[in-house]
Amino acid sequence: MAETFSFKLIAIDGKARRGVISMPRGEIRTPAFMPVGTGGTVKAMYMDQVRGVGADIILGNTYHLMLRPGAERVAKLGGLHEFARWPHPILTDSGGFQVMSLSKLRKLSEKGVTFRSHIDGAPYEMSPERSIEIQGLLDSDIQMQLDECTALPAKPTEIERAMELSLRWAERCKTAFGDQPGKAMFGIVQGGDSAVMRVRSAQALKAMDLKGYAVGGLAVGEPQAVMLEMLEITCPELPANRPRYLMGVGTPDDILKSVARGIDMFDCVMPTRAGRHGLAYTRRGKINLRNARHADDPRPLDEESDCPAARDYSRAYLHHLVRSQESLGAMLLTWNNLSYYQKLMQDIRAAIEAKAFETRAAEISEGWARGDI
Ligand SMILES: CO[C@@H]1O[C@H](CNc2nc3cc4c(=O)[nH]c(N)nc4cc3[nH]2)[C@@H](O)[C@H]1O
């Protein structure tokens, strides 16, 4: 355990980086995948299981938690770690993205955003200062600045406006966050699919000397090639000795390709959401357990996995659970998927240390393509 937030690079292989973030609540091995725990729970999982598959950190959402059960209430109950019984690091998103994608009647101004809850229509205001205040009430370890994520495609003037607003909000969040040595506030690079705007955003945030940097405004439906091109433009502008977090990403293939371009941290609803919809991620590719072809298949998802959900249950049983909409179906597939994602991250970290990332990445991708599943 460390008194203060620090990031150490252990090995570099091309642009791929193996590092470790040290914080009072524990260490985060990078490249890292953060299971999404939106409302203070990683859906269909016990927190001990989340830890058991190898997660060092989970993600929470300011937007959801401020609406229900309320940030002040969580603070009164001892903060999000106590509330959700997860004593390890938590990163919270700032709410801007969720306001724009979930809430109703939202209005954005220099001051912040006003909106109505998607749950009960109640009115709320969220300024950069209030977002940081809420993340503090949740006792979040890594807090994200409030930003405006531009939906793509967008006009250059729109991309520039939102990117510049986000920079002003970054300054206000840095001031509101103040000096908290055991925690971190990350800036978020915006700039849509514009190289010029991405560089301007990254350089301005670098000048603020923040403890970490997220690449935002991506994984919003753009082609993978556009996302990767934005990483090739953005990462070189960010300080090498600070963590880089690609928000909302992604599939196993997205992760391999983004690590290869210098990204250290990921979060994505894919493994948990897919698990609830009958989809299993395996080293041989994705399996849709809804498909009737599994009805009589006695094989497990992966006989070599150390995860009981992958090793001890037949595909026929999983197919039955999914078809019958049994809760255990979502539980076992979520467990399998998060276990697969963490095994992938472990594989990636070891490959970078061995200076064999490119070869290993190709082997992993071939495994998916074999398709003998
Ligand atoms: C396209 O699939 C949907 O999209 C989400 C994943 N993609 C994503 N891109 C993001 C960008 C930002 C950002 O620019 N700023 C802040 N503060 N948070 C962000 C969070 C993000 N998440 C999933 O919810 C999924 O349902």
Side-chain angles (χ1 to χ4, degrees), residues 33-39 42-43 58-66 91-103 106 108 112-113 115 118 126-128 130-132 134-135 138 140 142-154 158-159 161-170 172-173 177 184-194 197-198 201-202 205 210 212-224 226-228 230-231 234 244-255 258 263 265-277 279 341:
F33 180 81
M34 301 183 279
V36 172
T38 296
V42 178
K43 296 184 191 310
I58 62 171
L59 180 136
N61 267 308
T62 295
Y63 173 78
H64 296 79
L65 291 163
M66 71 184 277
L91 180 148
T92 45
D93 197 354
S94 52
F97 181 82
Q98 289 77 27
V99 165
M100 301 316 274
S101 52
L102 290 171
S103 71
R106 58 224 177 219
L108 188 133
V113 285
F115 60 95
H118 71 286
M126 169 93 85
S127 64
R130 176 61 179 156
S131 175
I132 295 296
I134 290 172
Q135 296 180 73
L138 300 175
S140 168
I142 300 179
Q143 304 179 16
M144 302 310 293
Q145 72 156 94
L146 185 69
D147 61 330
E148 187 191 347
C149 170
T150 323
L152 291 178
E158 190 45 24
I159 293 174
R161 180 200 58 72
M163 183 274 286
E164 290 182 340
L165 175 65
S166 295
L167 287 178
R168 295 193 295 274
W169 283 2
R172 288 169 55 185
C173 287
F177 180 79
M185 198 279 289
F186 281 15
I188 303 177
V189 177
Q190 289 296 342
D193 54 1
S194 156
M197 298 298 161
R198 285 278 168 188
S201 179
L205 288 170
L210 302 171
Y213 296 89
V215 182
L218 296 174
V220 289
E222 79 283 355
Q224 187 193 59
V226 170
M227 179 181 83
L228 297 177
M230 290 305 114
L231 297 184
T234 306
R244 300 160 184 169
Y245 160 32
L246 179 52
M247 303 187 88
V249 174
T251 65
D253 184 55
D254 290 335
I255 289 173
S258 301
I263 296 295
M265 297 166 75
F266 299 89
D267 89 273
C268 188
V269 294
M270 209 79 85
T272 38
R273 188 177 289 176
R276 297 195 303 280
H277 292 97
L279 273 174
Y341 263 67

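When a ligand or atom number is given, it counts from 1 through the structure's own listing order. Computed from a predicted structure; not experimentally measured. Numbering starts at 1 and runs along the sequence shown.
- For Y213, the ring-ring contact (aromatic ring centres under 6.0 Å, His included) test picks out no residue, with sequence neighbours left out.
- T62 places a side-chain N or O within donor-acceptor distance of the main-chain N or O of D93, the cut-off being under 3.5 Å.
- A 4.5 Å side-chain heavy-atom check between M185 and C173 finds at least one atom pair inside the cut-off.
- For Y245, there are no ring-ring contact (aromatic ring centres under 6.0 Å, His included) partners at least two apart in sequence or on another chain.
- Using a heavy-atom distance under 4.0 Å as the criterion, the protein contacts of ligand 1 are D93, S94, F97, D147, C149, I188, Q190, G216, G217, L218, A219, M247, G248, R273.
- For S131 (side chain) and S94 (main-chain N/O), a donor-acceptor pair under 3.5 Å exists by modelled atom type.
- Scanning for ring-ring contact (aromatic ring centres under 6.0 Å, His included) contacts around F266 gives an empty result, with sequence neighbours left out.
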